[in-house]
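Worksheet: the structure to be examined is printed underneath.
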Amino acid sequence: MELQAVLMAAGGGSRMMELTYNTHKPLLPVGNKPLIWYPLNLLERVGFEEVIIITTKDVQKMLTPDRLKLDGKMKLDVVCIQLEGEMGTADALRHVQQKIKTDVLVLSCDLITDVALHEVVDLFRAHNASMAMLMSKLHEFTETVPGQKGKKKAGEQRDFVGVDATGQRLLFMANEADLEDGLTIRKSIMCKHPSMRIRTGLLDAHLYCLKRCVVDFLVENKNISSIRGELIPYLVRKQFSKSVNLPNNKDEVEMSQKMEGQTNLEILGSCKDEELLRLTQERSCWNDHHGDMSEAYHGGKVRCYVHIMEDGVCYRVNTLAAYIEANRMVSAPKLIEDPPIHPSAVISECTQVGADSIIGASCQISDKTSIKRSTVGASSTVREKVKITNSILMNGVTVEEGCNIQGSVICSNAVIGRNADIKYCLVGSSQRIEPDGEQRVLEYYHGSSQGKICHLEPMTV
Amino acid sequence: MADADETSKQAERNTNVGDGIAVKKQDIARAKNEGKELTKDEKQRLRKEKKQQKKNKKDDKGESEHENVPLPPSQAVVQCQSQKVCTSEKPAKSKAEQRAERRARQEADRAAKGKKGESAQQPPSGKSKAPPNELQPVVKRLPEHVQVDDPAAVRKLAKKLERQQIPVRSEYGYKVSLFSHLHQYSRKAPLTQQISIPSTVIHPYIVRLGLQYSQGIVAGSNARSIALLHAFQKVIQDYKTPPNEELSRDLVNKLKPYISYLNQCRPLSASMGNAIKYVKKEISNIPCLCKEEEAKKQLLSCIDNYIKEKITLAATTISAYAIEKISNGDVILVYGCSSLVNHILCDAFDKKRKFSVIVVDSRPRLEGREALRRLVKKGICCTYVLISAVSYILPEVSKVFLGAHALLANGYVMSRVGTSQIALVAKAYNVPVLVCCETYKFCERVQTDSFVSNELDDPDDLMVTRKGKIHLENWQDIRQLGLLNLVYDVTPPDFVDLVITDLGMIPCTSVPVVLRVKNVDQ
């Protein structure tokens, strides 16, 4: 077996609590499919036959194949973890370490993309890399985010990503938060790669191919708790650290390990390096760089590669703005093969349903309604003379006559009273908007039982 | 014997096939020496010709028959003329009587042949290998990889790949008409696009290897063979015999789709072909009663031994021989990056010989940079030029060392494109050319030109960026423009002075002898 897929679905969606307080993040409907459907579909399309899904108990109950609407025969192996402590993604990976027997492809459940996965995996295979990841150009979200009054929160801190001249080898990775007094690049890196491109407008898709020895290394080093936050920067730095003089026999290796107290990644990786591979590289007339006197890869054993998608769809649905953008984008035919209007929906004749709208199953759309650039969830009812533009309606929503909904998100089982005029509002789950009344703009309606929206500590996912 | 001379000249004029000239000369020589015995042979040949011509008229088949038809008539002319020579020496008979005599003899011979069967043919065919075989309709099957412009062959290949569940790689770009019978692929469309990502049909190591071949990460005949054998070791390690099968037969069948896959990624080299033959032979020689673990261990050690003997030790032997040819004060010219030549030069430097090296390089691969790096790192004085400057620097060169991709059975050297150019110019300047090649790269193919069988690399490699602009960016839009990126060429044995192999230093024309000795050994 070549690769095993691990899907991380235990995140709480702490940056969009308005949506996730009632519905778990993996099950949020995007384009009328649960969010977790998208990475699973990606894996299935490419040819994976088994996936290990790490999630919480509540989500596990909902992850049955018909709920997930998966057509293929992919086997889902769901593993539960307790969410009491702070469990980072690396901790989760350590939890399933027993099941991992080969190299692993780690995905996040909130990734919606149409990337050609072979580009990432080919980098991993061809260069025998320790890690290969996917990044994409960051799209600015221009739509008004409903329910948030006041200025937009300051943008998340940028990531500085340094790649070499070919654009594939990852040389440097740091978050703005960690760079207090400026960006420092070690001289050893500059000596080996004199031409480096540093990019800031990149979105990390959280799709990583990791070698088996990296997983073993994680098991040994329990102080690493997040893949993105700690493991990846460690691997990127490790590419250029001075290589330890490898002792020749295994006893010496164990001795030195005990002395160091921390298992060296290189020793774990290079014991497997074989004589023949070294001989092949020696006889091959290929080098990945030209102009200095070192051999291919500068003799380094740890190599990190990145595939940067210049165009195509790639979203991480972890904020409200991203959620809305993703709903717009998935109506693009590349991702969903089903027709946008579900066959079981009942749409009467005098309605205008735009081509870029998605209507879920068993909907009832009455006369003289106009639905443009919107998503209507399953089993929703829309009465007469309703105008819905740029909005997202989740499952089981009832919209009475004469409403005008613009740019809003209506969560599941909500009821919008007659003649309500809603603009850029976020209506929580099972809420009811009173009929008539003035135009409501940028309001967030949530049940009184919820109280204030509390922001949990962001999970380092 | 003026008549014999005349016939020999006419024979030369009549024959169309170049290879046949040597054979015809043999014929004529024998006509002078053997006399009566040959007439029987001639009669047999004539009979076969007539049979074949009848077959041609009956079947109206394709080209292969037509190709053979021009051959026999020319030979028929030769035979008739040599016969005329013989009969003119006898007392003159009338033509009709001669024809009747001949027919009677043929009938008798035919009857006799029916009784004897093939045994009569064996001794004469053993003596003269070429003549009887030439006249039999020899339908040699062309390998598939040089028949890309023939839709029937392409369909056959597609069917075979479908059976083995290997995807077909699609051709790329406009092919220059002279080379339209060869595959041309793009590096940006790897075969991994079409297989599932955790590859189940093809072993992961083979997928990785194919990717490394197609992207050029593993390049060079020796490196490719070692990588291939390493991947085979992994496949054998992971192999489990299915319940009702035998390891010796099933494992070979398992390897066949992998070999097709690797062939699709990059056409196999001659050295790889020989390595595969060896591995298949070893697998089929495993006794049936052998347990799986033992069999696997045995195969793994066989592969290790093969690499050790044929590649590593061979390199040591060759460099021991080659050192005798390097003297102090030599200026040695090398072309591109040959692992063997680099090894020889490094060894010679270690043994305190004083020499300097000129590295010749060519686009688009620019492999000479890597050779330059390795030699300079060792401490050898090097000069670097491009191939266009070869005739300027040759007056300063005392020897030329070339590496080879394969040595063909007629003594031609197949190597990186540009090698024959260097050999030609070196010959013009009377500089000795030494080719270094291990015996496992000797191949039974015969080729006299670089067109028939070659490899076309990605044409986009020829595009170069100057001052931020790529002039050939839209070369596909210009209909009359074709980009050709050849990989190999063949050097005739006249330009090569010596071949240094692990069996010793031999002239180029002794390659068939080595092949014969190898076959007898095995």
Side-chain angles (χ1 to χ4, degrees), chain A residues 1-5 42-51 72 74 101-105 115-129 165-166 168 207 209 212 272-297 303, chain B residues 190-205 207-231 233-234 238 303-304 307 311-312 315 336-340 342-343 365-374 376-377 416:
Chain A
M1 261 243 283
E2 196 187 351
L3 272 183
Q4 277 176 285
L42 173 70
L43 292 174
E44 200 179 323
R45 256 188 298 133
V46 181
F48 273 92
E49 286 169 13
E50 281 187 11
V51 187
M74 203 158 66
K101 301 186 178 54
T102 66
D103 301 335
V104 68
L105 174 70
V115 70
L117 206 54
H118 74 91
E119 310 243 9
V120 181
V121 182
D122 278 351
L123 281 175
F124 183 67
R125 289 166 173 154
H127 298 277
N128 209 9
T166 61
Q168 288 180 335
L207 189 147
C209 284
R212 170 86 187 281
K272 317 249 171 79
D273 243 26
E274 283 148 33
E275 181 60 27
L276 281 183
L277 281 179
R278 189 196 57 81
L279 197 58
T280 308
Q281 204 174 21
E282 203 185 298
R283 298 295 177 122
S284 173
C285 52
W286 177 84
N287 205 327
D288 64 330
H289 64 278
H290 294 279
D292 66 357
M293 295 293 276
S294 10
E295 51 187 19
Y297 308 124
R303 304 187 268 274
Chain B
L191 206 49
T192 48
Q193 249 175 339
Q194 295 160 334
I195 58 173
S196 64
I197 290 243
S199 61
T200 39
V201 175
I202 307 168
H203 193 274
Y205 263 90
V207 175
R208 175 192 298 185
L209 189 62
L211 205 55
Q212 287 178 330
Y213 281 165
S214 62
Q215 292 188 354
I217 295 175
V218 174
S221 196
N222 281 334
R224 285 165 74 187
S225 308
I226 298 175
L228 177 71
L229 291 169
H230 174 68
Q233 278 187 332
K234 291 280 181 222
D238 292 340
I303 293 181
D304 278 331
I307 296 178
I311 302 180
T312 323
C337 184
S338 163
S339 55
L340 189 53
N342 291 343
H343 185 261
R365 285 183 172 236
L366 290 173
E367 287 171 339
R369 294 182 293 183
E370 186 57 23
L372 184 67
R373 178 189 76 80
R374 290 180 194 188
V376 171
K377 196 169 181 188
R416 188 64 86 222

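To find a chain, count down the sequence lines: A is the first, B the second, and so on, and within it residues start at 1. Nothing here was measured: the structure is a model prediction, and the numbers come from that model.
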Give, for atom [atom1] of [X] and atom [atom2] of [Y], the distance between the pair rounded to the nearest 0.5 Å.
X: A:E275; Y: B:D304; atom1: CD; atom2: CG; answer: 10.0 Å
X: A:R278; Y: B:H230; atom1: CZ; atom2: NE2; answer: 12.5 Å
X: A:T280; Y: B:L228; atom1: OG1; atom2: CG; answer: 10.0 Å
X: B:R373; Y: A:E295; atom1: CZ; atom2: CD; answer: 6.5 Å
X: B:I197; Y: A:E2; atom1: CD1; atom2: CD; answer: 8.0 Å
X: A:N128; Y: B:Q212; atom1: CG; atom2: CD; answer: 7.0 Å

Pick from A:N287, A:L105, A:D292 with the largest number of heavy-atom pairs that fall under 4.5 Å of chain B: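 Highest number of pairs under 4.5 Å: A:N287.
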
Chain B interface, residue from A:G291, A:S294, A:S284, A:A5 that has the most non-hydrogen pairs under 4.5 Å: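 Answer, by heavy-atom pair count under 4.5 Å with chain B: A:S284.
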
Residue from B:N222, B:I311, B:I226 passing side-chain contact (heavy atoms from CB on, under 4.5 Å) with A:L279: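 Exactly one candidate clears the test, B:I226.
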
Quick check on [X] against chain A: is it the side chain, the backbone, both or neither that has a heavy atom closer than 4.5 Å?
X: B:R224; result: neither
X: B:L229; result: neither
X: B:V207; result: side chain

Non-hydrogen atoms of B:Q215 and A:A126 that approach each other most closely: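 Closest approach of B:Q215 to A:A126: OE1-CB, 3.7 Å.
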
Shortest non-hydrogen contact between A:R283 and B:A315, atoms and distance: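 The pair with the smallest heavy-atom distance is NH2-CB, 4.2 Å.
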
Partner chain A: residue of B:P198, B:S196, B:P204, B:G210 with the largest heavy-atom pair count (under 4.5 Å):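 Looking at each option in turn, the highest pair count goes to B:P198.
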
Best-contacting candidate, B:G216, B:A219, B:G220, against chain A by heavy atom pairs under 4.5 angstrom: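 Ranked by contacts with chain A, first place is B:A219.
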
Audit row: A:L276, B:Q233, side chain to side chain contact (heavy atoms under 4.5 Å, CB included) steps and yes/no: CA-CA 10 Å; A:L276 281 183; B:Q233 278 187 332; 3.4 Å; yes

Chain B contact via [X] - which portion, at a heavy-atom distance below 4.5 Å:
X: A:V46; value: both
X: A:A116; value: neither
X: A:D288; value: neither
X: A:E119; value: neither

Any residue meeting side-chain contact (heavy atoms from CB on, under 4.5 Å) with B:E367, in chain and number order, not counting sequence neighbours: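 A:C285, B:C337, B:R365, B:R416.
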
Set of residues satisfying salt bridge (charged side-chain N to carboxylate O under 4.0 Å, His left out) with respect to A:D122, sequence neighbours excluded: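 Salt bridge (charged side-chain N to carboxylate O under 4.0 Å, His left out) list for A:D122, sorted by chain: A:R125.
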
